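Each remark here refers to the structure printed beneath this line.
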Amino acid sequence: QVQLAESGGALVQPGGSLRLSCAASGTVFSALTMAWYRQAPGKQREFVASITFGGWTNYTDSAKGRFTIARDNAKNEIYLQMDNLKPEDTAVYYCWGRLRDRSRNKRPGDYWGQGTQVIVSS
């Protein structure tokens, strides 16, 4: 079984920074593309940023220039550095990954974490 676990969510003031982490564990053979999504109260889950195994990144427009996604392939972890946070960034942030699972003959599958809460408020 493969699990994704996020951490780092917190209450932060507008203009502040947070660093989210997501670790893949269990029978992970390798992590392919991984990404961050978020879901604000009353809204649909939306894409924030993604990163391929090779390090190519993609961001939603609202994250460009403020958020940075990174990964450590040796640890099967990704990170989201969020700077200049705004109240509209308040959401539950979810980690997503396309991972190869040893217990499933290394077949790639899509996995989600349980989410970590980010609240931006004064």
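Predicted model only: the values in this text are computed from it and were never measured.
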- Item | side chain to side chain donor-acceptor pair (under 3.5 Å) involving D110 - partner list, sequence neighbours excluded | R98

- Message: Please list all pairs meeting side chain to side chain donor-acceptor pair (under 3.5 Å) that have one or both residues in residues 51-60, counting only residues at least two apart or in different chains.
- Response: none

- Between the CD atom in E46 and the OH atom in Y94, the distance rounded to the nearest 0.5 Å is 12.5 Å

- For the student: nearest non-hydrogen atoms of L4 and Y111, plus distance: CD1-O, 3.3 Å

- Message: Minimum heavy-atom separation for M34 and C95, please, with both atom names.
- Response: CE-SG, 4.0 Å

- Task: Using the ring pair (Phe, Tyr, Trp, His ring centres under 6.0 Å) rule, collect all pairs that involve residues 21-45, keeping only residues at least two apart or in two chains.
- Result: Y37-F47, Y37-W112

- Query: What pairs with E6 under side chain to side chain donor-acceptor pair (under 3.5 Å), at least two apart in sequence or on another chain?
  - Reply: none

- Message: Test of understanding: with side chain to side chain donor-acceptor pair (under 3.5 Å), list the residues that count as partners of Q81, not counting sequence neighbours.
- Response: D83

- Query: If you look at every heavy atom in T27 and S103, which pair is closest and at what distance?
  - Reply: OG1-OG, 3.5 Å

- Hits for side chain to side chain contact (heavy atoms under 4.5 Å, CB included) against Q1, two or more places apart or cross-chain, chain-then-number order -> Q3

- Task: Over all heavy atoms of both residues, which pair between P108 and L32 is shortest? Give the atoms and the distance, please.
- Result: CB-CD1, 4.1 Å

- Query: Any idea which heavy atoms bring V48 and A63 closest together, and the distance?
  - Reply: O-CB, 4.0 Å

- Taking C-beta and beyond as the side chain, do W96 and T33 meet within less than 4.5 Å on heavy atoms? yes

- Query: Excluding sequence neighbours, so at least two apart, what forms ring pair (Phe, Tyr, Trp, His ring centres under 6.0 Å) with F67?
  - Reply: none

- Query: Okay, side chain of N105, backbone of R107: is any donor-acceptor separation there less than 3.5 Å?
  - Reply: no

- Query: How long is the gap from CD on Q39 to CD on Q44, to the nearest 0.5 Å?
  - Reply: 8.0 Å

- Item | With sequence neighbours excluded, residues passing salt bridge (charged side-chain N to carboxylate O under 4.0 Å, His left out) with K64 | D61

- Query: For S30, what residues pass the side chain to side chain donor-acceptor pair (under 3.5 Å) criterion, not counting sequence neighbours?
  - Reply: none

- Query: When rounded to the nearest 0.5 angstrom, what is the spacing between CD1 in I51 and CG in N73?
  - Reply: 8.0 Å

- Do M82 and V12 sit in the same hydrophobic cluster, where Ile, Leu, Val, Met, Phe, Trp and Tyr count as joined when their side-chain heavy atoms come under 4.5 Å apart? yes

- With sequence neighbours excluded, tell me which residues meet side chain to side chain contact (heavy atoms under 4.5 Å, CB included) with N76. A24, V28, A31

- Query: Residues two or more places apart in sequence or in another chain: which of them pass salt bridge (charged side-chain N to carboxylate O under 4.0 Å, His left out) with D89?
  - Reply: R38, R66

Identify each donor-acceptor pair in which a side-chain atom of residues 113-122 lies under 3.5 Å from a protein atom, sequence neighbours left out, and give them as a table.
unit_1, atom_1, unit_2, atom_2, d
T116, OG1, G9, N, 3.0
Q117, NE2, A91, O, 3.3

- What is the distance from atom CG of N84 to atom OG of S17, rounded to the nearest 0.5 Å? 8.0 Å

